[in-house]
There are 2 protein chains.
Amino acid sequence: MEKRRGRSSQGVTIREVAARAGVSPMTVSRVINNENNVTPATSAAVMAAIQELKYTPNPAARRLAGSETFRIGLLYSNPSVAFLSEFLLGALDESSKTGHQLVVEKCGATAATEKAALQKLLQSGVDGIVLPPPLCEAKSILADIAKSGVAAVAVAAGQPGPDVATVRIDNYKAAHRMTQHLLSLGHRAIGFIKGHPNQTVSDQRLHGFLDALSEAGLDPRAAPIEQGYFNYRSGLAAADKLLALEPRPTAIFAANDDMAAAVLATAHRLGLNVPVDLSIAGFDDTLIAGTIWPALTTVRQPIAAMGRAAVSMLLDEMKRRRGGGGGTPAQQLLRHTLVERESTAAPSKP
Amino acid sequence: MEKRRGRSSQGVTIREVAARAGVSPMTVSRVINNENNVTPATSAAVMAAIQELKYTPNPAARRLAGSETFRIGLLYSNPSVAFLSEFLLGALDESSKTGHQLVVEKCGATAATEKAALQKLLQSGVDGIVLPPPLCEAKSILADIAKSGVAAVAVAAGQPGPDVATVRIDNYKAAHRMTQHLLSLGHRAIGFIKGHPNQTVSDQRLHGFLDALSEAGLDPRAAPIEQGYFNYRSGLAAADKLLALEPRPTAIFAANDDMAAAVLATAHRLGLNVPVDLSIAGFDDTLIAGTIWPALTTVRQPIAAMGRAAVSMLLDEMKRRRGGGGGTPAQQLLRHTLVERESTAAPSKP
DNA sequence: GCGGCCCTTGTTAACGCTAACATTAGAGGC
DNA sequence: GCCTCTAATGTTAGCGTTAACAAGGGCCGC
């Protein structure tokens, strides 16, 4: 048995193919890569050799030798941990699959630390940056990125700037759909808790809600609406106000799950039976939605898919820029799902 | 600005790390691969350089250079999502840092789907498996793994088998400490909600609680204890029973956060003021603990660190086995913390 | 018929990492 | 005090591929 000179027992290499075809390895490489400066005759000979030896190029070596290895930065502050991990899963999967490097950087909540973390990332030589929420809406971050000239993709942002690619769901449509769901159950008095005013999605969700009401022939100006800030505590306050109204709404749609959970807690405190006396709908399908009881009807974003899409789009975007950069960054809209659980039902007294 | 000599704009390379740490690239390589012939001081310096530069080994280069790249499977059914996400973060971090591949597989709740998912993972050629709870206690899974001969590490399991490595905290001590905390606030009538009987940690937490009572001179047999199953709903039922007692406990310690959140909801429903009328303590410090209001006093496991440790131990274990396999799998105990938030205080009428 | 040009093919040097071997420094025996 | 032995670190070379440049050869125009 012939012992290999090298360390590893790889399969057929490009050199063996080259030897067999009577050309240089480089020519084989050109054939493999469909470059056009090869004589048909040479090409045929190489092809034959490849067939005979059952040669397959070693992907690791290709990646290493090729220049197209990008370095992708992912900067996050403090989104929901659940969101982040699922997102990361998708992003890592995609980047490892395509053989690119993903560098994850965490930053604090203040504008200064955000800026610092971004600079650190930029200095470490990333070619593109993925921005999950809420950073995707931070103006100063987006401005710094635009200035630096690296590619960026904003995830789950509402209204992206013109310089960045985006992956998101259609928040308007999702809220619209959820409202339709409540309407179809027979609810007419539906309260709404708005999201944080500094995030664009808040507006989109609100408008989806309002438009669905209009379309159903209801007056959106009559709908009880309270301001919330995407956290549990603001949900408690908003729920207190909404549930004190006369007549009391038969359903409440909160712009995210944390606030919906707060509505549920408040309803229980008031002795209301959910969903019999009150239906509650959330948005995001975070952990809490399935934990509490009754479990929340909510809207689910395909988070892992968004992570994959973000990386994939960023790669495209970086290639586009490297290639001269005609056109504009891509926008991608992923499909959301309405998750119907136990917190919604037909109103008891229609 | 210095222009790179090479063709591509790769990220940080092993050479840069080596330069920064003042050693040769080979030494860095040894550190990354956890080889044992490196001085702790050198290793620490290299680690620091890795951290600072955010270095991740290039997997393509590794494969090409002939090192073995392990494939690690992570099989999860449905632990708390929050636990999983943070755990995943740590596991991903560690595996990407050491340049190994992490394959995550989800399975359903039935024994059959668990078995199927495990088989799928094994067939995809993983060299080792990480088992977060509750799978780490599933006998049939552990048996199948033992039969297949791949390495495994059980996370947060109570009593591990002899064939698997484990990472966990001292549940007994943590529950003991939390009980002491409640006692020191002046509580004497403390209710307890047990965890799922099929998980060893439930017992450990219960005993920590009981022993702390005894040591304080209280009769543990007099303590009001209800069975729970680690989910919100079982917490609701248990809380109903505990809060109907006469005299009512002034504090309730639930064996996990989900059940503690249910106690909080029930207390609110009954018009009790938390923490004035009732103190509530949880366990795990999952996302829900900080989300609800008042936020829960609870025990925090260093979950991300456990993820990192699990992967790192698994790598050691796989090398150990490949190297002939003398000795036994490692056991690692990580440190927990008592997180004091707003749900506990001194009882109002002592 | 000869210089310039393009078109094809070859050569060289990486890409980032690690196996195998080489070297150094320190410990310990006699 | 010298020599061996071992543990820690460094050096060299090459994994399989391709970018960048070099070289050869045919064709054209004048």
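Chain identifiers are assigned alphabetically (A, B, ...) following the order of the sequence lines, protein sequences preceding nucleic acid strands; residue numbering begins at 1 within each chain. Just so you know, these numbers come straight off a predicted model, no measurement behind them. Worth knowing before you read on, the calculation uses all heavy atoms, side chains too, and leaves out hydrogens, waters and symmetry mates.
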(message) Please report the interatomic distance CZ(R20(A)) to CD1(I50(A)), rounded to the nearest 0.5 Å.
(response)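 Nearest 0.5 Å value for the CZ-CD1 distance: 12.0 Å.
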(request) Would you give the length of the straight line joining atom OG1 of T56(B) to atom CG of D93(B), rounded to the nearest 0.5 angstrom? (result)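 If we round to the nearest 0.5 Å, T56(B):OG1 and D93(B):CG are 9.5 Å apart.
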Any side-chain N or O of [X] less than 4.0 Å from the OP1 or OP2 oxygen of [N]?
| X | N | answer |
| --- | --- | --- |
| T13(B) | dC15(C) | no |
| S29(B) | dT18(C) | yes |
| S24(B) | dT9(D) | no |

What are the atom names and distances for every N/O pair under 3.5 Å that joins the protein to nucleotides 22-24 of chain C?
none

(message) Please enumerate all residues that pass side chain to side chain donor-acceptor pair (under 3.5 Å) together with E35(B), with sequence neighbours excluded.
(response)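 For E35(B), no residue satisfies side chain to side chain donor-acceptor pair (under 3.5 Å) once neighbours in sequence are set aside.
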(request) Please name all residues satisfying side chain to side chain donor-acceptor pair (under 3.5 Å) with T42(B), sequence neighbours left out, ordered by chain then number. (result)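 Testing T42(B) for side chain to side chain donor-acceptor pair (under 3.5 Å), a comparison that skips the adjacent residues, returns none.
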Roughly how many Å is it from [atom1] in [X] to [atom2] in [N], rounded to a whole number?
| X | N | atom1 | atom2 | result |
| --- | --- | --- | --- | --- |
| R63(A) | dG16(C) | CZ | P | 13 Å |
| F70(B) | dT18(C) | CZ | C1' | 15 Å |
| R30(A) | dA19(D) | CZ | P | 10 Å |
| M26(B) | dA8(D) | CE | C1' | 12 Å |
| I50(A) | dG16(D) | CD1 | P | 16 Å |
| I14(B) | dG10(D) | CD1 | P | 12 Å |
| E16(B) | dC17(C) | CD | C1' | 14 Å |
| R62(A) | dT18(D) | CZ | C1' | 9 Å |

Where [X] and [Y] come nearest, the two heavy atoms and their spacing:
| X | Y | result |
| --- | --- | --- |
| L53(B) | V12(B) | O-CG2, 3.2 Å |
| A156(B) | R168(B) | CA-CB, 3.8 Å |
| L135(A) | C107(A) | CD1-SG, 4.1 Å |

(request) Only counting residues at least two apart or in another chain, list the ones meeting salt bridge (charged side-chain N to carboxylate O under 4.0 Å, His left out) with D316(B). (result)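 Once residues adjacent in sequence are excluded, D316(B) has no partner under the salt bridge (charged side-chain N to carboxylate O under 4.0 Å, His left out) criterion.
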(request) Mind running a 4.0 Å heavy-atom check of residues 91-100 of chain B against DNA chain D and sending the residues that fall below it, in number order? (result)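 Here the set is empty: none.
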(message) My understanding is that only one of Q301(A), R308(A), M306(A) makes a side-chain contact (heavy atoms from CB on, under 4.5 Å) with F87(A); could you say which?
(response)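 Passing option: M306(A).
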(request) Among L118(B), I141(B), T166(B), V153(B), find the one that has a side-chain contact (heavy atoms from CB on, under 4.5 Å) with L131(B). (result)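 So, applying the side-chain contact (heavy atoms from CB on, under 4.5 Å) to L131(B) and each of L118(B), I141(B), T166(B), V153(B), only I141(B) qualifies.
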(request) Specify the angle, to 10°, made by the local axes at the two ends of the helix from dG1(C)-dC30(D) to dC30(C)-dG1(D) when five pairs are taken at each end. (result)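 One end's axis against the other's: 40°.
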(request) Please indicate whether M26(A) has more than 12 foreign heavy atoms, meaning atoms of other residues, nucleotides or ligands, lying under 6.0 Å from its CE. (result)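 Counting neighbours around CE of M26(A), more than 12 heavy atoms of other residues, nucleotides or ligands fall under 6.0 Å, so yes.
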Below 3.5 Å is the cut-off: list the nitrogen or oxygen pairs between protein and nucleotides 6-8 of chain C, distance only.
{"unit_1": "dT8(C)", "atom_1": "OP2", "unit_2": "N37(A)", "atom_2": "OD1", "d": "3.2"}
{"unit_1": "dT8(C)", "atom_1": "O3'", "unit_2": "T39(A)", "atom_2": "OG1", "d": "3.2"}

(message) Please pick, from dT17(D), dA19(C), dG16(C), the nucleotide with the shortest atom-to-atom distance to any side-chain atom of R15(A).
(response)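 Taking heavy atoms from C-beta onward, the closest nucleotide is dT17(D).
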(message) Measuring from the side chain of L64(B) (C-beta onward, heavy atoms only), which nucleotide among dG10(C), dT17(D), dG16(D) has the closest atom?
(response)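 So the side chain of L64(B) is nearest to dG16(D).
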(request) For P40(B) and for P25(A), locate the closest nucleotide of DNA chain D by heavy-atom distance; then report the residue assigned to the nucleotide nearer the 5' terminus. (result)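 The residue mapped nearer the 5' terminus is P40(B).
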(request) Would you kindly compare T27(B) and A61(B) by the position of their nearest DNA chain D nucleotide and give the one closer to the 5′ end? (result)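 Checking each residue's closest nucleotide, the 5'-ward one belongs to T27(B).
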Strictly under 3.5 Å: I want the nitrogen or oxygen pairs between protein and nucleotides 24-26 of chain D, one per line.
none

(request) Write out all pairs satisfying salt bridge (Lys or Arg N to Asp or Glu O under 4.0 Å) with one or both partners inside residues 141-150 of chain A, taking only residues at least two apart or from two chains. (result)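 Every pair satisfying salt bridge (Lys or Arg N to Asp or Glu O under 4.0 Å) with a residue in residues 141-150 of chain A: K115(A)-D144(A), D144(A)-K147(A).
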Side chain to side chain contact (heavy atoms under 4.5 Å, CB included) against [X], all qualifying residues, sequence neighbours excluded:
| X | value |
| --- | --- |
| T337(B) | R300(B) |
| A151(A) | L314(A), E317(A), M318(A), R321(A) |
| R71(B) | Q101(B), V103(B), S124(B), V126(B), D127(B) |

(request) For T13(B) and R15(B), indicate whether the former's side chain and the latter's backbone hold a donor-acceptor pair under 3.5 Å. (result)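 It does hold such a pair.
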(request) Using modelled atom types only, decide if a donor and an acceptor are shared between the side chain of E52(B) and the backbone of A49(B) within a distance under 3.5 Å. (result)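 A pair under 3.5 Å: no.
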